[in-house]
Amino acid sequence: MINKPLFLTYVYLFMYILLSSGVILYNKWVLSPKYFNFPLPITLTMIHMAFSGAVAFFLVRVFKIVSPVKMTFEIYATCVVPISAFFASSLWFGNTAYLHISVAFIQMLKALMPVATFLMAVLCGIDKARCDVFLNMLLVSVGVVISSYGEIHFNTVGTVYQVTGIFAEALRLVLTQVLLQKKGLTLNPITSLYYIAPCSFVFLSVPWYLLEKPVMEVSQIQFNFWIFFSNAICALALNFSIFLVIGRTGAVTIRVAGVLKDWILIALSTVIFPESTITGLNIIGYAIALCGVVMYNYIKVRDVRASQLPAETIPDRITKDWKFEKKSSDIYVPDNIDENEGSSGGNGTASDMKIDEETPLISSSRLSHIGRTQLTNQYAIGK
């Protein structure tokens with residue numbers, strides 16, 4: 001007999017992988033001059049922000065499906081505004097990269113996200129420099145350099161845009177912990193959109209007015225309502241799939257799903273976009289970087305779980321870590337179990353976070369910090 005909860009968990013994971021990959025490929029197809037030819041990444045991002053913000057408004061204020069958090073003007077001005085600024089920047093630079101480099105190479109560059117986040121966390125004083133983590137970051141960096149060297153259609157402009165977007169997102173993650181989470185403010189996917197999407201829209205309107213508005217006035221840019229509406233729907237559906245996934249999976253499962261999604265996305269991009277040629281050096285470099293990311297993820301999972309145990313059990317916990325992961329992270333956890341886990345909205349270090357860059361700022365009361373931040377960093381509008 002089929003275990004229904006476990007079956008639903010796999011269905012939700014499949015939906016997440018499908019939608020996450022689909023949104024990135026859809027954005028690339030829309031923006032690429034070789035396909036739909038809408039080379040206005042800021043405009044596309046603003047459409048997503050406006051649509052997501054409007055849906056969140058109706059869910060929070062009209063239908064009252066989700067209750068708003070206690071947001072004061074001071075918290076909004078000092079926390080939400082700067083976070084939204086870096087969030088908008090990361091989306092702007094990340095989406096612009098699609099105009100210059102392939103989806104496959106972008107995914108390989110995204111392996112730098114743990115490096116960027118760790119560096120920002122150390123610089124901001126919320127994490128400590130450690131030899132083991134540093135060696136992992138060095139391994140990731142070497143892998144990305146090798147992958148970049150093997151890129152046939154290497155483009156400096158696109159690479160700079162993507163790396164800049166990664167560091168902007170890393171700084172956003174650090175600010176989220178320092179500003180929001182230390183104030184005890186927890187945002188779920190819907191409230192995140194409700195508060196941050198409108199503010200990000202405003203920030204994006206500045207570069208749009210300076211860079212893309214003049215282009216739209218002199219160029220014949222095609223605008224197909226159904227293309228952009230379906231694109232925004234897919235982005236919103238990804239947000240809801242994330243909401244379902246974070247309630248049913250553990251840290252290790254989410255990270256494995258993320259790695260699987262990256263490989264699937266790289267393979268699909270070469271089929272859908274024939275110009276995205278992958279070389280053997282690309283694969284070798286990305287595999288090296290991925291080894292560093294996996295080792296880094298393991299260290300962070302181990303550290304966070306060990307910190308949640310009484311002091312006297314830590315040595316035993318470390319020696320039996322693989323057993324603990326098998327029992328508690330790769331199976332469905334009912335809603336009423338371990339309610340203390342992650343209830344603070346993410347109180348670990350910001351360097352625990354790994355971006356996939358196509359999903360939202362998320363906190364969950366039913367998932368450990370590591371598992372939660374794997375999806376927290378993936379905003380549905382895609383970068």
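The structure presented is a predicted model; accordingly, all values stated were derived computationally and were not measured.
The closest donor-acceptor contact from the side chain of Gln107 to the backbone of Trp263 lies at 3.5 Å or more, if one exists at all. Formation of a donor-acceptor pair under 3.5 Å by the Ser32 side chain with backbone atoms of Lys34 is found in this model. With hydrogens and angles ignored, the 3.5 Å screen pairs no side-chain donor or acceptor of Tyr161 with any backbone N or O of His100. The closest donor-acceptor contact from the side chain of Tyr26 to the backbone of Ile227 lies under 3.5 Å. In this structure, Thr279 contributes its side chain and Gly150 its backbone to a donor-acceptor pair below 3.5 Å.
Closest non-hydrogen pair, Ala121 versus Val174, comes out as N-CG2, 3.8 Å. Taking each heavy atom of Leu19 and Cys234 in turn, the nearest pair found is CD2-O, 4.4 Å. Here the closest heavy-atom approach between residue Gly158 and residue Ile101 is recorded as O-CD1, 3.6 Å. Residues Asn224 and Trp226 approach most closely at OD1-N, 3.0 Å, considering heavy atoms. Contact between Ile75 and Lys70 at its shortest, heavy atoms only, is CD1-O, 4.3 Å.
Counting heavy atoms from C-beta on, the side chains of Leu91 and Met49 come closer than 4.5 Å. Residues Leu25 and Phe273 have side chains in contact (heavy-atom distance under 4.5 Å, counting atoms from C-beta outward). Looking at Met113 and Leu173, their side chains come closer than 4.5 Å, going by heavy atoms from C-beta outward. Between Gln222 and Phe38 the shortest side-chain heavy-atom distance does not fall below 4.5 Å. Contact annotation: the side chain of Phe105 approaches that of Thr159 to within less than 4.5 Å [non-hydrogen atoms, C-beta and beyond]. With contacts defined as side-chain heavy-atom distances shorter than 4.5 Å, the pair Met71/Val80 qualifies. Inter-residue side-chain proximity for Val215 and Leu211 is flagged as unmet; no heavy-atom pair is nearer than 4.5 Å. Taking 4.5 Å as the limit, every side-chain heavy atom of Tyr35 sits out of range of all side-chain heavy atoms of Ile272.
Cluster annotation: Tyr76 is connected to Phe86 through the hydrophobic network of ILVMFWY side chains, with a link wherever side-chain heavy atoms come within less than 4.5 Å. Val294 and Ile284 are assigned to two separate hydrophobic clusters, defined by single-linkage of ILVMFWY side chains at heavy-atom distances under 4.5 Å.
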Derivation of the side-chain contact (heavy atoms from CB on, under 4.5 Å) call for Leu6 and Tyr10
CA-CA 6 Å; Leu6 186 61; Tyr10 284 115; 3.6 Å; yes

Output, in order, the C-alpha distance, side-chain angles, deciding distance and verdict of side-chain contact (heavy atoms from CB on, under 4.5 Å) for Leu44 and His48.
CA-CA 6 Å; Leu44 181 65; His48 289 159; 3.9 Å; yes

Go through it in stages, so that I can follow the logic: the residues are Ile24 and Tyr98, the test is side-chain contact (heavy atoms from CB on, under 4.5 Å), and I'd like the CA-CA distance, side-chain angles, deciding distance and then a yes or no.
CA-CA 9 Å; Ile24 291 178; Tyr98 286 125; 3.2 Å; yes

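Counting non-hydrogen atoms of neighbouring residues, nucleotides and ligands closer than 6.0 angstrom, the CZ atom of Phe225 exceeds 12 such neighbours.
Rounding to the nearest 0.5 Å gives a distance of 8.5 Å between CG of Leu119 and CE of Met137.
As a member of the Ile/Leu/Val/Met/Phe/Trp/Tyr network built from side-chain separations under 4.5 Å, Val202 groups with nothing else and remains a singleton.
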